[in-house]
Each structure stands twice: as structure tokens, then as C-alpha cells.
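Computed from a prediction, not measured in an experiment: that's the story for all the values here. In the text below, chain A, chain B and the rest are named by the order of the sequence lines, each starting its count at 1.
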2 protein chains.
Amino acid sequence: MRVVGDVFKALADPTRRTILDELTDRDGQTLFEICARLATKHGLGSSRQAISQHLDTLEAAGLVETRREGRYKFHYINTTPLEPIVQRWLRKGSR
Amino acid sequence: MRVVGDVFKALADPTRRTILDELTDRDGQTLFEICARLATKHGLGSSRQAISQHLDTLEAAGLVETRREGRYKFHYINTTPLEPIVQRWLRKGSR
DNA sequence: TTGACAGGCAAGTGCTCGCTTGCATAACGT
DNA sequence: ACGTTATGCAAGCGAGCACTTGCCTGTCAA
């Protein structure tokens, strides 16, 4: 069962936010692609297992969806859970 | 120094999100008011010190601003840091 | 079939976080 | 002045989290 708090917990970690940045820049990357580009472009030295667990967390929150193809697993960002999150407090406050 | 990650960390805890709900419903409450209304309306049995620390976290993130008046300290919600947070990934992905 | 490649599973570790506990400070009423 | 009310500060504890380590499964090319 997926709850709202999972989205916030997934966004709490800076590495996971950078992963979402990467998938925003180039959608549908594999695990190894993400590892390589995080190291080069963002200067993060996270291991493969660490990033794999981060992707699991993001997938559990519904922010990342995956597609298997042979021995490759492609990761796609899904921004659907993002919008209603903040609107919760913006409705009455803004305008 | 206030960083972007503080906002996400502040939103990661369900109790702090409920506090923001309460301040959205009635802005400018004191610490004891928030404690009482969290207990009655939301069924949360958090102690005074716990909520005080949560308010410190929210204030450090810029989501809550305070105003001293005598022995009372009023807490006001500030939704300004909220909007640019999610827009970061919604730009390219949605629409 | 053998080896290399892409990814998964699970136990253990160190650190952070939420919460408690206990005492301290400051403002107000009487 | 005294007690009460509203809040602050700081050390300590237990649970959760990010990360590592080690091994295992499945896929493809030669």
C-alpha cells in the first residue's frame, strides 16, 4: 500500500533528488547509466547498491516507474505524485 | 545558512506536516494551542518539547515564522519556500 | 558452455532523528 | 515577593536510515 508520506520520505534525501534531476534531464536510464552520470556530472561517489536502494525507494513512492527489457531495466520519472503534495498548504495561503 | 534540503527534511515528518495543516486552518497559534489542537483534532499525543523541536525545524526551513509578544510566541505559516520546490521536476516532465 | 555484464537480496554498521527527561529562564497575575 | 504560566536548553536513548559487504540470479556474446 502506497501512502502520501512515502513521497516526502523519498524526497528527503539529496541523492534521491539528484537522481530525479538526472531522470528529468534524460529519461529512461539504466542503473549503471545513472551511476556513471551521477559520478561525472554531479560529483557523487555513491556505489551501485546505494543507488539501487534509492531507486527502490523512489519506485515505492511512485516517483519512478521501471520497464524490464532483457538484462536491462530502464527507469522513468513520474511526476504525478508531486503536484497534489504541496497544493495541500498553498490553497488557503496563496492568492 | 538556509539550504533547500531543509525544506524537504522538514516536510519528511508526518507530525510536522500536521502542524502545517493546523497553521493553515488557524494561523498565529502559540505552542500550547498547537499542542492542544493536535491532541484533540488530530489525535496526536506528542509532548510539548517534541512539538517545540518540530517548530524549530520548521522555522529553520523557513516554513514557519514567529512573533514574540510578552510571554507568548505566535507561529505563522510561510508557504513561500514551498512552490519552487516541486516545480524543479514538473517543468520538463508535465504538460 | 564459459565468461562478462546488469541487476537483486540480505545481514551488518555507523550516523541521524524524533522523543524523552530534567532543569532553567522569562513574563504575568495576585 | 511568590507562584503560575509559557517557553527554552541540553544530555541521553531507541528506532530508522543510508551505506557497505558479500553472495546470488539472470541475460547476452563468444
- Separation between OG1 of Thr15(A) and CG of Asp21(A), rounded to the nearest 0.5 Å: 11.0 Å
- Phe8(A) atom CZ is separated from dC17(D) atom P, nearest whole Å, by 16 Å
- Message: What verdict does the side-chain contact (heavy atoms from CB on, under 4.5 Å) test give for Lys73(B) and Leu31(B), after you've listed the backbone C-alpha separation in whole Å, the side-chain angles of each residue and the deciding distance to 0.1 Å?
- Response: CA-CA 7 Å; Lys73(B) 187 180 184 182; Leu31(B) 172 60; over 6 Å; no
- Message: Whole angstroms only, please: what is the NZ-C1' distance between Lys9(A) and dT16(C)?
- Response: 14 Å
- Task: Mind checking the CD1-CD spacing from Ile77(B) to Glu22(B)? Nearest 0.5 Å is all I need.
- Result: 10.5 Å
- Message: Without decimals, in angstroms, what is the distance between Asp13(B) CG and dC17(C) C1'?
- Response: 9 Å
- What residues in residues 28-42 of chain B put a non-hydrogen atom under 4.0 Å from any atom of DNA chain C? none
- Item | Phosphate-side-chain proximity, Ser47(A) and dT20(D), N/O vs OP1/OP2 below 4.0 Å | yes
- Message: Check Arg67(A) with Glu65(A), please: is the shortest side-chain N to carboxylate O separation under 4.0 Å?
- Response: no
- Query: Of the residues in residues 50-75 of chain B, which ones touch DNA chain D at a heavy-atom distance under 4.0 Å?
  - Reply: Ser52(B), Gln53(B), Arg68(B), Arg71(B), Tyr72(B), Lys73(B)
- Note on the structure: Atom CD of Gln49(B) and atom C1' of dA11(D) are separated, to the nearest Å, by 13 Å
- Note on the structure: Looking only at dC9(D), dG7(C), dG22(D), the nucleotide nearest the Arg48(A) side chain is dG7(C)
- Query: Are Trp89(A) and Val86(B) linked, directly or through other ILVMFWY residues, by side chains that come within less than 4.5 angstrom of each other?
  - Reply: yes
- Separation of dA18(D) atom P from Leu44(A) atom CG, nearest Å, is 15 Å
- Sorted by chain and number, sequence neighbours left out, salt bridge (Lys or Arg N to Asp or Glu O under 4.0 Å) with Arg68(B) holds for none
- Is it true that Val3(A) and Val64(A) fall in one hydrophobic cluster, defined by side-chain heavy atoms closer than 4.5 Å? no
- For Leu55(A) against His75(A), the heavy-atom pair lying closest together: CD1-NE2, 3.4 Å
